[in-house]
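Counting starts at 1 for both ligands and their atoms, in listed order.
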Amino acid sequence: MQINIDHKRFTAIVLLMYLLLFPLAETKASAAAKASPADKVSPAFMELHSGWRFRQARLTNWYKATVPGVVHTDLMDNGMIEDPFFRLNERGLQWIDKEDWIYETVFDIPAEIFSKDNIFIAFDGLDTYADVYLNDEKILEADNMFRRWSVDVKSMVREKGNILRVYFHSPVKIDLPKYDSLPFHYNADNDQSANGGLLDRKISIFARKAGYHYGWDWGPRLVTSGIWREVRLEGWNDARIGNVQVIQDNVTAAGANIKVVVEVTADKDIQGAAVSVYDEGGGKRLGNTKAFLKRGLNRVEVEFTMKDPRLWWTNGLGEPYLYTFRTEVSKGRETFDTVRERIGIRSLELVREDDEWGGSFRFVLNGVPLFCKGANYIPCDSFLPRVTKETYERTVQDAVDVNMNMLRVWGGGTYEDDYFYDLCDEKGILVWQDFMFACAIYPAEGELLENIRQEAIDNVRRLRNHPSIAIWCGNNECQDAWLGWGWKRRLESLNPEYAALVWKQFEDQYFRVLPEVVAEHGSGIEYTPTSPFAAKGEKSNDHRGDAHYWGVWHGKEPISRYNEVRSRFFSEYGFQSFPAFETVKKYAPREEDWDITSEVMMSHQRGGAHANGLIESYLLSEYHKPKDFRSFLYMGQVLQGDAIKTAIEAHRRDKGYCWGTLFWQHNDCWPVASWSSRDWYGVWKAQHYFARPAYDDLLVSPVEKEGVLYVYVVSDRLKDTRATLTVDVLPLDGRPGASRSMDVTVKANSSEALFLASTESLLEGMERGDVVIHARLAAGNDVYENNYFLGSQKEMNYPPVGISRSVKPVAGGYEVTVSADRFARGVFLSIEGTGHFFGDNYFDLLPGRSRTVTVTTPADEKQFMEQLRIVSLVDAY
Ligand code: BMA
């Protein structure tokens, strides 16, 4: 009794102090879904995002916090730390992950929710080791940032002044003892433990937390804690829909068999209920099942056939049509719950069959073999909760705008926000979804393995209705790493039993638990154990399954090797560059920083001196020595763009053998030198501009092999195309060249050399270094062009060239028209800052031809004219 009174009094004092410091949490309640006015909709939600404060657990001062958020951004917002992305600031922030943090809010519950028979608190994401207390009672111990948690709190809540507190344990403090207790250590090559003051103790493998938080070869080490996704109060009566699963079968243009499995939780037995599914756009009921709901969890199936469904297609092939399915649980005129989901009707198959070459890896969409074109995707920020909708929109749109149809959500990041998949659904981008394991081996047994199973179930169930989800993949590179990077050998030599144990854990994780989850919950989505993968216990190869080709770049092979190396599906390959000078100036603003070996530039180059050395040596052997820092950045981008263009074209020319190409990587999580195509500010690098024609639905692609010039035409169109193919040999100095034209029929979904001639006959005595091969395919109003060089860039005799310009103001910016009387390679337009978009850039300008570039920018005309800088490759050395 005594204790109780004290406790109450204490709580009252805390509350009073709290209210003085922080305003009461806003009560933002909403009905679950809008139904017709006659309906009584039971569930009501309230976001618990207001009134939060936080403190370092061993100190006493409280500060204002943002939820969803993480501790680093809260410290920043309170002016307690500097921007971690600026210069060397990251180094001084390594203490943060060694501390425990407490987050707390106080909230009232509106009558609408308080009156419900069932009240839950739901956390969509807690990063990572978090003890949750409600009104001083522990309600949850969370240990996986990728899982969702829901706790019944009906008996604990009061109408006013509930205190919700989350205690985040330092992931370092939790996981170091695990490391220290093991007789051997697991590999996790990218974990920058030494930067974090942990010497070589790589502990990231113990935490179910985004791998890249611990550093990567393109990312800083910023190990976050926080309530990183939505937290809600949910109240309901009678019955509630927990999940809707839409399973499609026999999908063709003529019809589709649909089974909707609805999970309904009831708090009592309910006779005479009905579960109905409506096509909201078409305004009709698709199916309906009468059900007797028992108290507890019920699974109700609603089956129906859709006649002549509008199919979902990928970007480039057709409309990614989405239906809105509304699922309702009701009894008579009373609706207990309603859920809306957008559904794409499509069949997607992954054909992995033995063939004359080995084993295929080919997606077939709605009966059509699909050549996958895209990139690997990493998280958009080191601090996930601050990724805005706008950033997601731009990131996915930038894939669409360069004709991609697939992104691979890579395993060292996170299962993305729902909004990301919504956008991919809308825009026809397929998602190759890794489970969150990358370049490491995990102690997957006991509690951790069970934790992994639950994480997989949560995410497979969350994402399975998205038409964009194409495949679940066990991990990134873990099997190749185990077999080929010396990891297995190292453990075997230490003690063969350790190696056997690790392989057992590996098998349990990727060959038993994860495929079981996908088979049980995945609605028929394919699973592959790892990427790259040919067979269990074997290294990946070029004739079966998918491959990661890093011979160019990590293996230092010449860029031309891209033309020779084959794979059934390239799920990775890449080439580094620095961001453009205007981006570099944001994180390295001082002149002393402007050297690729400066302390600041090295800190924003996580491939280290090795990566810088690679860029330098490729430039020296295939390009030129750039004359200064700024030219180095620019020339390095042209180099990267050329390399990836070469690879994409080679992979597409090999269509039939190869059925996919995903370069590494689409984006950055901070400003850095990396393999990315677009920098952290969303500025397109040369590579992204080069990817646009290389990924177009028709590709005209010249290539020389043994003295013969072939011009391939690759088509992703589903119908034959009649076109005119022109092959010009143009002298760089602007003199007229020779031109050959022919009418061609480009076969649907094919790759074929439609022109060939000996290079000598085409040159007619001219030097290789003096000409450019310009190929052009005109198909109706669509024109596809490409330039090809008969030597390395170093061997090309680019003449000095003056580029003339005219600028016209247009809505949102300017149109810049450029022209030259000689050939200009890689014409690069820039103005100061990063908030602009150049519709085209780094392009080749043919003699006597002009090009108009639309620039979207807030710059006024005077600024624009003063700042506009136009260079081409010949200016850089
Ligand atoms: C690939 C990826 C990443 C890495 C990249 C560049 O293999 O899977 O782990 O960042 O290479 O080295």
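At a 4.0 Å cut-off, at least one heavy atom of H554 sits close enough to ligand 1 to count as contact. Ligand 1 has at least one atom lying under 4.0 Å from a heavy atom of W410. The shell of residues lying under 4.0 angstrom from ligand 1, judged by heavy atoms, excludes A438.
Considering backbone and side-chain N/O atoms, D217 comes within less than 3.5 Å of an N/O atom of ligand 1. The shortest N or O to N or O distance between W675 and ligand 1 is not below 3.5 Å.
Less than 4.0 angstrom separates some heavy atom of E572 from each of these atoms of ligand 1: 1 (C), 2 (C), 7 (O), 8 (O), 11 (O). For ligand 1, the atoms closer than 4.0 angstrom to any heavy atom of C439 are 9 (O).
If you look at Q665 next to ligand 1, there are no close heavy atoms at all, none under 4.0 Å.
Protein heavy atom in closest approach to atom 7 (O) of ligand 1: E477 OE2, 2.4 Å. When hydrogens are left out, the protein atom nearest atom 8 (O) of ligand 1 is N476 ND2, 2.7 Å; that is the closest non-hydrogen contact. From the protein, the heavy atom lying nearest to atom 9 (O) of ligand 1 is W216 NE1, 2.9 Å. Among all non-hydrogen protein atoms, the one lying nearest atom 11 (O) of ligand 1 is W550 CZ2, 3.4 Å.
Ring centers of W684 and Y842: at least 6.0 Å apart, outside the cut-off. For W659 and F363, the ring centers are positioned 6.0 Å apart or more. Ring-centre distance between F85 and W680: below the 6.0 Å cut-off.
F435 and Y415 have perpendicular rings, their planes meeting at more than 60° on a 0 to 90° scale where under 30° would count as parallel.
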(request) Check step by step if salt bridge (Lys or Arg N to Asp or Glu O under 4.0 Å) holds for D679 and K685. (result) CA-CA 7 Å; D679 70 30; K685 293 180 174 180; over 6 Å; no

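Heavy-atom neighbours of K488 NZ from other residues, nucleotides or ligands within 6.0 Å: at or below the threshold of 12.
Each of D97, N190, D191 was checked for a side-chain hydrogen bond (donor to acceptor under 3.5 Å, both in side chains) with R221, and the lone residue meeting it is D97. A side chain to side chain contact (heavy atoms under 4.5 Å, CB included) with E649 holds for exactly one of R652, K645, H651; it is K645.
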